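Structure first, then comments.
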Amino acid sequence: MAEEPVIRAEGLSVRFGARTVFKDVTFDVRRGEIFVILGGSGCGKSTLLKTLIGLVPLAAGRAWLLGEEIAAAGDEARRALLRRIGVMWQSGALFGSMTLTENVELPIEEHTGLPRPARSMLARAKLGLVGLGDAAGRLPAEISGGMAKRAGIARAMALDPPLLFLDEPSAGLDPITSAGLDKLIVEIARETGTTFVVVTHELQSILAIGDRCIMLDKEAQGMIAEGDPKRLREDSTHPTVRAFFRREAA
Amino acid sequence: MDGMAAGADARIEAQDGGAVLAVSGRLDTATAALLWPRAPDPAVTAFDIAGVESVDSAGAVLLLAIAPEAELRGGSEPVRAVIERTRKALAAAPPPGPPPPYHPISSIGRATVNRLRDARAGIDFLGEAIITTLRVLARPRLLRWSDVLRHLDEVGTRAFPLTLLLGFLIGVILAYQSSIPLRRFGAEVFVPNLVGISLLRELGPLLAGVVLAGRTGSAFAAELGTMTVNEEVDALKIMGIDATAMLVLPRLVAATISMPVLALLMNLAGLAGMTLIMSTLGYPWAAVESQLQQWLTLKDLVGGLFKAACFGLVIAGIGCRAGLSAGRGPRAVGDAATAAVVGGIVAIVAMDGVFAVLFFRLGI
Ligand SMILES: Nc1ncnc2c1ncn2[C@@H]1O[C@H](COP(=O)(O)OP(=O)(O)OP(=O)(O)O)[C@@H](O)[C@H]1O
Ligand SMILES: [Mg+2]
């Protein structure tokens, strides 16, 4: 019997007012895989993430996370579910009045009974993991955009959630840091069986980490490709997909 | 061997006189707290992790809290990998040093220097505003009239209902309160004089100023503060656009024009409220009118409205300056708005004092 998918999306459609962002998006994400969402700017990738975690209402379709349908879940189930996912927002979304350590500590404090020094040690370990060990005491206003991204990842990973959503983790990072981050994501996925859903534009990143991907398209208002990114690069016949992987203007 | 059975399903045992700590079971967030009481333990040189089924980063951190350098014995590949990765991460994030000691004298000095810097920046701002005004007077095309109109609407017309309501209530309150002592001398008929003069000369402009500071000064500071925090103001400057002419001047003009109108409305509403109370006390409109005509002069009204215009200019200036000098971070905009309201109200009361002396000397 096949294992139940971590995420199951069936015929998702989202509209803002009269404008359809995407429709009929259907896919499964399996446990432990790194699933990449691709597509041009403004095609609805961030919106798809928010839809999956229940922040944007669905116009049609159903979505299950870790076996639970979030739209239908009661308060209690929903809270339990949210505790088991981590999200890194495209803009970082760090709490501006707290230092980076306090930002990472917040979910740890809320959801575990660890004593304070242990919490801050765990927070420091998470920041060290993304290379922010020396900036742990700074406020979000005092760090760069790329550092904010990494701090957002550290906060998303604070509780070792089995499912992590990352919205453009490597945008704004230099190639070396970005490659380091890719390596970290792959290591965590392979060693702990964490499932990643990653939105990214970085071609190298996609090929380095992506087990499977889907590509959204603005004109098509939905999915135009699904599969292993390396295979898509070689085999796809769709003009937009080909242009994307060859970095051509469509 | 000190056995230490533990909660869910993690266990710790010391071997070799405490040098080796054997851990087994599942080391995760739920069970990791068990490890904490043992940390740090300098005697431990190795962890026997052969029995560990799984570990998450909380478990790894608390294990390493006991002995950061201890070697790992046994254990599966993923478990070792998680612990080693955490060890590296912790080494990259040294614990924060102690906070710097507190020196009362140097902090007084720093506060003083900061105040002086603020004052200098305020003078800079004033100078820039004046120079820009002169430039705009020479070339009126520089002023963005559409912005002036938009601000006139926001600052002026939209404040009308609030101003009328406040003015009316103040008129009612003043009339009632002053009628009590005046009645003792049978001088109730002079209530209109008292209320009229206080409104026209003082309360109308002052209360309109408070309304402006609360509604508009804070809004200016928040708008410009948000633009500053988002580096929009820097972007304007880099495009070669005069930020003062584009952002500050229209607001100053709008506030300076609106304030006399607001003060006038405040006066009229106040007089209406007072008249209503007088009629309930048995004094007809004609009596009130004749008192007002006899005692109020155009000088009272014009002096008050002139003051109002000055208040408007100063409140808008303080609001804009608070916004443009906003710092970074999420509190910056809120701080700027607070500074605008507090600064605006203090400034108009202080100015009112100056005007009082001035008018007295000039016999106005
Ligand atoms: N709250 C909203 N209200 C109305 N429209 C929205 C809202 N959020 C997003 N949109 C629209 O939905 C579309 C998709 O937005 P989304 O943020 O998902 O794009 P994206 O694929 O993440 O783009 P990028 O790669 O630039 O981050 C855009 O056209 C955007 O204008
Ligand atoms: Mg996006």
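Predicted model, so just to flag it, every value in this text is computed and none were measured. The chains referred to below are lettered A, B, ... by the order of the sequence lines, with proteins before strands, and numbering in each begins at 1.
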Nearest heavy-atom neighbours spanning A/Met88 and A/Asp167: CE-O, 2.9 Å
How close do B/Ala67 and B/Val44 get, counting heavy atoms only, and between which atoms? CB-O, 3.7 Å
Between A/Glu105 and A/Arg116, does any NZ, NE, NH1 or NH2 come within less than 4.0 Å of an OD or OE carboxylate oxygen? yes
A/Asp160 with A/Lys126: basic N within carboxylate O range, under 4.0 Å: yes
More than 12 heavy atoms of other residues, nucleotides or ligands under 6.0 Å from NZ of B/Lys88: is that the case? no
Measuring heavy-atom distances to chain B, does [X] have an atom under 4.5 Å in its side chain, in its backbone, in both, or in neither?
X        : value
A/Ala118 : both
A/Leu114 : side chain
A/Pro115 : side chain

Could you tell me which of [options] has the largest number of non-hydrogen atom pairs under 4.5 Å with chain A?
options                    : result
B/Pro94, B/Pro95, B/Ser54  : B/Pro95
B/Ser57, B/Ala92, B/Ala58  : B/Ser57
B/Val61, B/Val229, B/Thr86 : B/Val61

B/Arg251 to B/Phe220, cation-pi by 6.0 Å centre distance and 45° axis angle: yes
By the side chain to side chain donor-acceptor pair (under 3.5 Å) test, which pairs, at least two apart or in different chains, include something from residues 133-145 of chain A? none
Validation row, ring centre A/Phe27 to ring centre A/Phe35 under 6.0 Å: yes
Residues of residues 76-83 of chain B near chain A, each having a heavy atom less than 4.5 Å away: B/Pro78, B/Ala81, B/Val82
Side chain to side chain, A/Leu127 and A/Val104, heavy atoms closer than 4.5 Å: yes
Looking at A/Leu159, A/Leu132, A/Ile188, A/Val130, which one has more heavy-atom pairs under 4.5 Å with chain B than the rest? A/Ile188
